[in-house]
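What follows is a set of notes on a single structure, which appears directly below.
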There are 2 protein chains.
Amino acid sequence: MARIREFDVDQAVDRAMDLFWRRGYAETSLQDLLKELSIGSGSFYAAFGSKEQLYLRALDRYSALQADDLVKILEQATEIRPAVRQILVTMIEADLADPTRGCLVVNTATECGNQPPATERVAAAMRHVESSLAGALERAKSRGELSADKNPVELARFLTTFVQGLRVVGQARLGRTFTEDALTVAMRALD
Amino acid sequence: MARIREFDVDQAVDRAMDLFWRRGYAETSLQDLLKELSIGSGSFYAAFGSKEQLYLRALDRYSALQADDLVKILEQATEIRPAVRQILVTMIEADLADPTRGCLVVNTATECGNQPPATERVAAAMRHVESSLAGALERAKSRGELSADKNPVELARFLTTFVQGLRVVGQARLGRTFTEDALTVAMRALD
DNA sequence: AAAATTGTGTATCAATCAATCCACAAAGGA
DNA sequence: TCCTTTGTGGATTGATTGATACACAATTTT
């Protein structure tokens, strides 16, 4: 050990995550990052290696936060339907509040569609959403909340796909009614 | 009139569309475009004005082609269910064949989420998908293919949202089974 | 307190970016 | 056949890109 770092690395990752989330990878320049993090380029490269590495780290951070939120809602709820509805409504409200952000995972999927390290993380994040939902749906089924003919894995894959669509439509600013109508129909898949 | 143009402008727009589709706006440099179109920068700016203007023109072209495909399927089909299924399956197969492309409208929505001229076109494209589907569903309902309690506009908004999700999930390379399971559940919305 | 080690920020790098300039070529009109 | 007009593409523009070099500051070790 020698001189100690003057900034908090985790907090810097959070701030970078926010910037990448709003502007995307390519549209966020190194100078934008340095300004946002209030550090010099020497500190930047010593701490993060490169812009790409920081992006992947920010993406991991985002995925972890997203996964936490999802699991928390699914575990705290006593009924599956209000839980799923809450998950979808939360996203709709987030997109209405700030349509420029969308979802960092979705943004990465479309912007970095042919860069293996990024797409692997995207796939892993979606697989995690799928399995969390599938587990909750399976438990709901054993509690008798879902009829016997329902397939939890199928439902989970449907919901995971629908969620990605909600985020895209949310960025297109089609209005509250549009997404709420879509939500109404989607929820019927559980009936 | 004086010297005549040595390249076909519409064909150039198509080639540019293909390039933007594969690589996105920011990741497609002017040199990439000049090489793809086999023209010099003078011809480029004389014909298209700027990289951004060409992108918007390519996006318009893409939307028009997409709209044609959609309308063609919906008008030619005698039943609404196979028609909707065909629309979704076509997208799934396209994403499986080339996961790096996705949908140019979706890619634009996420990459250019805060640039008005782009987002307006994205919203218009999605509204067009919505109204085409709503019209077809309304006609199907009047033919007795959909039960009386179904709301065509709600269903159209649901399908439009789900379609965007399919394109995102397709880029994440989660495999054929994943999207087909999602499709199975989504189709039940029409029952 | 001297040496060793690590963080910091400025200056700077070559490369690339989108866009402009301009000399020249090709066409129609006189 | 000149003259005008427009298309062409290579050369070049200033700005910006991500990344590195380096002198100096701060901290631990000896």
Side-chain angles (χ1 to χ4, degrees), chain A residues 1-60 104 107-108 111-112 114-118, chain B residues 1-60 104 107-108 111-112 114-118:
Chain A
M1 277 292 211
R3 180 170 174 175
I4 60 174
R5 191 166 268 136
E6 293 183 3
F7 66 97
D8 185 281
V9 174
D10 289 329
Q11 181 184 328
V13 171
D14 280 353
R15 294 172 77 92
M17 178 193 80
D18 197 73
L19 203 55
F20 282 131
W21 192 1
R22 276 182 281 137
R23 302 201 206 166
Y25 178 77
E27 287 300 316
T28 302
S29 73
L30 207 61
Q31 289 215 350
D32 292 334
L33 285 165
L34 298 182
K35 192 176 175 185
E36 177 73 17
L37 306 185
S38 302
I39 62 176
S41 56
S43 304
F44 182 93
Y45 283 95
F48 304 115
S50 71
K51 180 187 169 186
E52 182 184 347
Q53 286 177 50
L54 175 58
Y55 185 83
L56 294 175
R57 197 162 166 180
L59 180 58
D60 286 337
L104 185 57
N107 298 349
T108 304
E111 187 182 357
C112 317
N114 39 5
Q115 286 174 342
Chain B
M1 273 292 210
R3 180 171 176 175
I4 61 174
R5 192 167 268 135
E6 294 184 2
F7 65 99
D8 186 279
V9 174
D10 290 330
Q11 181 183 329
V13 171
D14 280 353
R15 294 172 77 92
M17 178 193 81
D18 196 74
L19 202 55
F20 282 131
W21 192 0
R22 276 182 280 137
R23 302 201 205 165
Y25 178 77
E27 287 299 316
T28 302
S29 73
L30 208 61
Q31 290 215 348
D32 292 335
L33 286 166
L34 298 182
K35 192 176 173 185
E36 177 74 19
L37 307 186
S38 302
I39 61 176
S41 56
S43 304
F44 182 93
Y45 282 95
F48 305 115
S50 71
K51 179 186 169 187
E52 183 184 346
Q53 287 178 47
L54 175 57
Y55 185 83
L56 295 175
R57 196 161 165 180
L59 180 57
D60 286 337
L104 185 59
N107 297 349
T108 304
E111 186 182 357
C112 316
N114 38 7
Q115 286 174 342

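The sequence lines fix the lettering, A, B, ..., with proteins before strands; numbering per chain opens at 1.
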NA contact type, [X], heavy-atom cut-off 4.0 Å: base, sugar-phosphate, or nothing?
X	result
A/Thr28	sugar-phosphate
B/Phe7	sugar-phosphate
B/Leu34	nothing

Rounded to whole Å, how long is the line connecting atom [atom1] of [X] with atom [atom2] of [N]?
X	N	atom1	atom2	result
B/Leu54	C/dA18	CG	C1'	13 Å
B/Gln31	C/dC17	CD	C1'	9 Å
B/Tyr55	C/dA18	OH	C1'	17 Å
A/Phe44	D/dA21	CZ	C1'	17 Å
B/Asp8	D/dT8	CG	P	12 Å
B/Glu27	C/dA18	CD	C1'	15 Å
B/Arg5	D/dT6	CZ	C1'	9 Å
B/Glu6	C/dA27	CD	P	8 Å

Heavy-atom pair of closest approach, residues A/Ala16 and A/Leu54: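 Closest pair (atom of A/Ala16, atom of A/Leu54, distance): CB-CD2, 3.7 Å.
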Proximity to DNA chain C (any heavy atom under 4.0 Å), residues of residues 9-24 of chain B only: none
Plane angle bin for A/Tyr55 and A/Tyr25 - parallel if under 30°, tilted between 30 and 60°, otherwise perpendicular: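 Geometry flag for A/Tyr55 against A/Tyr25: perpendicular rings.
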Residues in side-chain contact (heavy atoms from CB on, under 4.5 Å) contact with B/Ala46, at least two apart in sequence or another chain: none
With sequence neighbours excluded, residues passing salt bridge (Lys or Arg N to Asp or Glu O under 4.0 Å) with B/Asp14: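 Partners of B/Asp14 under the salt bridge (Lys or Arg N to Asp or Glu O under 4.0 Å) test: B/Arg61.
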Qualifying salt bridge (charged side-chain N to carboxylate O under 4.0 Å, His left out) pairs with a residue from residues 46-60 of chain A, counting only residues at least two apart or across chains: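 Sorted pair list: A/Asp60-A/Arg121.
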A/Glu6: side-chain hydrogen bond (donor to acceptor under 3.5 Å, both in side chains) partners, not counting sequence neighbours: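 side-chain hydrogen bond (donor to acceptor under 3.5 Å, both in side chains) list for A/Glu6, sorted by chain: A/Arg3.
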side-chain hydrogen bond (donor to acceptor under 3.5 Å, both in side chains) partners of A/Arg15, counting only residues at least two apart: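 Per chain and number, A/Arg15 pairs via side-chain hydrogen bond (donor to acceptor under 3.5 Å, both in side chains) with no residue.
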Side chain of A/Arg3 - closest among D/dT8, C/dA19, D/dA25: D/dA25
Out of D/dA19, D/dT8, D/dG18, whichever nucleotide has its closest atom nearest the side chain of A/Ser29: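 Looking only at side-chain atoms, A/Ser29 lies closest to D/dG18.
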Side-chain atoms of residues 31-43 of chain A: list all donor-acceptor pairs with protein atoms under 3.5 Å, sequence neighbours left out, distances to 0.1 Å.
residue: A/Asp32; atom: OD2; partner: A/Arg23; partner atom: NH1; Å: 3.2
residue: A/Asp32; atom: OD2; partner: A/Ser29; partner atom: N; Å: 3.1
residue: A/Asp32; atom: OD2; partner: A/Ser29; partner atom: OG; Å: 3.1

Comparing A/Gly40 and B/Tyr25 on DNA chain C - which has the more 5′ nearest nucleotide: A/Gly40
Set of residues satisfying ring pair (Phe, Tyr, Trp, His ring centres under 6.0 Å) with respect to B/Tyr45, sequence neighbours excluded: none
I'd like a list of close polar pairs between nucleotides 20-23 of chain C and the protein, N/O only, cut-off under 3.5 Å.
residue: C/dT20; atom: O4; partner: B/Ser41; partner atom: OG; Å: 2.7

